[in-house]
Structure formats: structure tokens, C-alpha cells
Amino acid sequence: MPELPEVETVRRSLAEHVAGRRIEAVYFFSPLAAGKKPGPVTRALTGRRILRLERKGKYLVFPLDQGWMTVHLRMTGKLLIDGPKTKWTRVEFAFDDGHALMFEDPRQFGRVVWSREYPADVAALGPDALGLDAAEFLARLAGRRGALKPLLLNQRIVCGIGNIYADEALHRAGIHPLSLAVKVSRARLLRLHEAVQEVLAEAVELGGSSISDYVDAEGRRGWFQTKHRVYGRTGEPCLACGTPIRRITVGQRGTHFCPRCQHR
DNA sequence: ACTAATGTTGTAGG
DNA sequence: GCCTACAACATTAG
């Protein structure tokens, strides 16, 4: 499930392969991957040169010599350089250096789109979570109603945090996922900011979390899943206090926390 | 064999 | 506008 650290790992592993390359051909094996009709997207992308590879939140943005290509991996999307063509390959790009890029996506939630102007959905995102300073983090949460975890997952407030890293950050900060944002002290929100920065930076360093079959553009797995303290550890002892990790549902999302370390 | 769960975003609704 | 519920989809665990 690619979140910020996984998408950043894909960006880093893919950038050198695509920066400066010309797209000679594009094949949409699944129209769904284009979001609508693949014809116009194919025509717009063919012959374009990729200037560089950027990331905002969970979006990969490819500035082109004309317009922008945006890729979102959603749940099961992968970008594989010279990857094999499989039954899950939805899009293939052929580059001018003889290499190819495969967009593989079993569940078909992922999208490859082209836009003439900078993509509106990316522009609408809140600031990227990685490297966000404490003052702005607090300002973005100020006046928000509701529980903290859904707010962390709201990409218009701050973007890049997904289910895994929300749970991990809340545990490190000692905050219950159902805590109302307005009732959490400034000191504890500052601690949350630090926990978010810490957990994202460590995850990027380890190449993200490969909890299902996530791999980077060169097929390498990430290792941050071995550092998870709550996510996917339901019933196992909290590494801080030994209390069994509990799993509840918050905003329709599986939520893992330690009932002792994270009080409301 | 059926059901629930998986996680992200857009959208529809209160 | 803000918040919540659900659909889109394919596979797997129970």
C-alpha cells in the first residue's frame, strides 16, 4: 500500500531511468488505467520528453516538455523499469534508450493521466508531510473537528500520510487515534509532529514498508515493516509496555494502537 | 462456497 | 465548508 515513504522510494529508484527520456510509445492494456478513454492520453504522451520526476504526497508527477503526466499507485500499483509483462500490466511505456516502464496494478485503482496544466488534484493537496515544519503542521490542524486519525489521513490537510504511518505516528506520540484534535494539547501535537517526521524519515531510509508485495522501480522490497510497532501487530505485545495491541475501526479504517500507551 | 477485509481517493450525502 | 459513508476493484483469509 504505497504511502509517502513507498512513493518516495519509487521516485528515487525511477528518476534516473526516466529523467531526460523521450516516450516513444505508450500502450494502455486496460482503459481503466487512463481513468477514461486511453486514446487522448496515449496521443498526448507519445513523443513527449520527461524533464524530471517529482512527488507530492502519494502522487508521482512527471513534468513533460508539454504538459504533465501524473501517476497514482493507489492500492496495488507498481512502476517497474524493464519489468516483465504480466496479466496485471496495465500500461507500458517505451523510451528512446530502449528501456521500458511497466505500470502493473491488479486492483486497477491506480491511474496514469495527462494534463495540459499542472494537475488540479495535486494542487489541491495540503503541504507534503515530509519536512513540514511544526508551526504549519499545528496551523493546518487548528480548528478541525473530529478525531485525530481521520484528520491525519485527510490529504487536503497534510498529504502523504496513509493508514500505516498514521497508526505508527500516533503510537510514537502516545495519542489515542480517537482523540479529538481540539482536545489534544499543543505539547502533544508537537510530539505528534515529531513522531510523523521521525516515522516517515526512518521509513524512507529503509525503502518503505513491503506489507503485501510492494517493491520499488527496480523490484526491491522495503524493510520498514520490520520496524512497525502497532500496524499489523494485533494481539502482539506493545514493544513499550507489553500490553496486547488492539485493533479497532476508525473512519472505516483498520486502526492499531496500544490501549495503555495511547490514552484518550 | 460464501463473506469480510484489505487501503486510497472521489463523490454523494447530512 | 466540514465531516462521514461508500463505491471503484481483485484477491485472499477465514
Side-chain angles (χ1 to χ4, degrees), chain A residues 1-10 28-38 55-61 70-79 86-91 103-113 115 119-126 128-129 139-170 177-184 199-200 203 208-215 222 224-225 228 230-235 245-257:
Chain A
M1 335 287 132
E3 304 180 21
L4 186 154
E6 291 77 29
V7 180
E8 176 61 15
T9 303
V10 171
F28 276 87
F29 303 116
S30 164
L32 249 186
K36 37 184 190 273
K37 293 281 184 185
R55 177 193 60 76
K56 180 149 186 207
K58 304 168 194 171
Y59 287 81
L60 285 164
V61 180
T70 307
V71 175
H72 199 300
L73 304 173
R74 292 283 189 109
M75 297 285 292
T76 54
K78 295 178 193 67
L79 284 171
T86 70
K87 62 186 292 200
W88 310 126
T89 305
R90 309 304 184 188
V91 189
F103 176 65
E104 187 176 294
D105 186 23
R107 284 181 73 176
Q108 303 199 92
F109 286 175
R111 293 292 181 266
V112 174
V113 302
S115 55
D121 44 359
V122 178
L125 295 169
D128 194 72
R140 303 286 303 175
L141 287 173
R144 296 286 176 167
R145 306 174 59 83
L148 211 36
K149 173 162 175 180
L151 293 175
L152 282 180
L153 294 178
N154 184 339
Q155 305 295 303
R156 287 170 183 269
I157 298 176
V158 164
C159 73
I161 302 171
N163 206 35
I164 297 172
Y165 299 101
D167 282 1
E168 292 297 320
L170 286 167
L178 284 172
S179 297
L180 300 179
V182 285
K183 306 197 90 173
V184 177
V199 82
L200 292 179
S209 302
S210 291
I211 56 149
S212 52
D213 60 350
Y214 157 81
V215 288
F224 192 72
Q225 69 279 7
H228 291 175
V230 286
Y231 187 87
R233 298 194 62 244
T234 309
I245 298 302
R246 280 187 53 193
R247 187 182 177 283
I248 59 174
T249 298
V250 178
Q252 294 85 238
R253 314 299 299 280
T255 297
H256 314 72
F257 73 107

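Each chain gets a letter, A, B and so on, in the order its sequence line appears, and its residues count up from 1.
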Counting just side-chain N and O atoms, does A:Gln155 come under 4.0 Å of either OP1 or OP2 of B:dT9? yes
Give me the distances for all protein-to-nucleotides 10-14 of chain B N/O pairs that come in under 3.5 Å?
| from | atom 1 | to | atom 2 | distance (Å) |
| --- | --- | --- | --- | --- |
| B:dG10 | OP1 | A:Tyr59 | OH | 3.0 |

Under-4.0 Å side-chain N/O to phosphate OP1/OP2 contact, A:His72 with B:dT8: no
Nucleotide C:dT4, atom C1' - distance to CG of A:Leu152 in whole Å: 17 Å
Interatomic distance, A:Leu180 atom CG to A:Leu148 atom CG [nearest 0.5 angstrom]: 9.0 Å
How close or far is atom P of B:dT8 from atom NZ of A:Lys56, stated in whole angstroms? 18 Å
Between CD of A:Glu8 and NZ of A:Lys58, what distance do you get to the nearest 0.5 Å? 14.5 Å
Scan A:Val7, A:Asp121, A:Val71 and name whichever one has a side chain to side chain contact (heavy atoms under 4.5 Å, CB included) with A:Tyr59. A:Asp121
What distance separates A:Glu168 CD from A:Leu200 CG, expressed to the nearest 0.5 Å? 11.0 Å
Can you tell me how far C1' of B:dT8 sits from CD of A:Glu6, to the nearest Å? 13 Å
Integer angstrom distance from the P of B:dA12 to that of C:dC9: 16 Å
Could you tell me how far apart A:His256 (NE2) and B:dA5 (P) are, to the nearest whole angstrom? 12 Å
Is the shortest side-chain N/O distance from A:Arg144 to OP1 or OP2 of C:dC3 below 4.0 Å? yes
Residue A:Arg107, side-chain heavy atoms: nucleotide from C:dC9, C:dC6, B:dT8 that is nearest: C:dC9
Per-residue pairing states of DNA chain B in dot-bracket (Watson-Crick or G-U under 3.5 Å; . unpaired, | other strand) read .|||||.|||||||
Pairwise distance NZ(A:Lys56) to CG(A:Leu125) - rounded to 0.5 angstrom: 5.5 Å
Atom CG of A:Leu153 and atom P of C:dT4 are separated, to the nearest Å, by 12 Å
Mind calculating the distance between CD (A:Gln252) and P (C:dA8) to the nearest angstrom? 16 Å
Measure from the side-chain heavy atoms of A:Lys58 and tell me the nearest of C:dA10, C:dC3, B:dT9. B:dT9
From the options C:dC9, B:dT8, C:dC6, select the nucleotide whose nearest atom is closest to the side chain of A:Glu3. B:dT8
Do you know which two heavy atoms are closest between A:Gly222 and A:Ser210, and how far apart they sit? N-OG, 2.7 Å
Indicate whether the side chain of A:Tyr214 and that of A:Thr76 have a donor and an acceptor atom separated by less than 3.5 Å. no
Rounded distance [0.5 Å steps], NZ in A:Lys149 versus CD1 in A:Ile248: 8.5 Å
Integer-rounded Å distance: B:dT9 C1' and A:Asp105 CG: 13 Å
Whole angstrom value for the distance that separates P of C:dC3 from CG of A:Asn154: 8 Å
Between the CG atom in A:Leu152 and the CZ atom in A:Arg140, the distance rounded to the nearest 0.5 Å is 13.0 Å
From the list B:dT8, C:dC3, C:dA5, which nucleotide is the closest neighbour of the side chain of A:Leu151? C:dC3
Where the side chain of A:Arg233 meets the backbone of A:Phe257, is there a donor-acceptor pair that is under 3.5 Å apart? no
Sugar-phosphate only, base, or nothing, as touched by A:Gln108 at under 4.0 Å among non-hydrogen atoms: sugar-phosphate
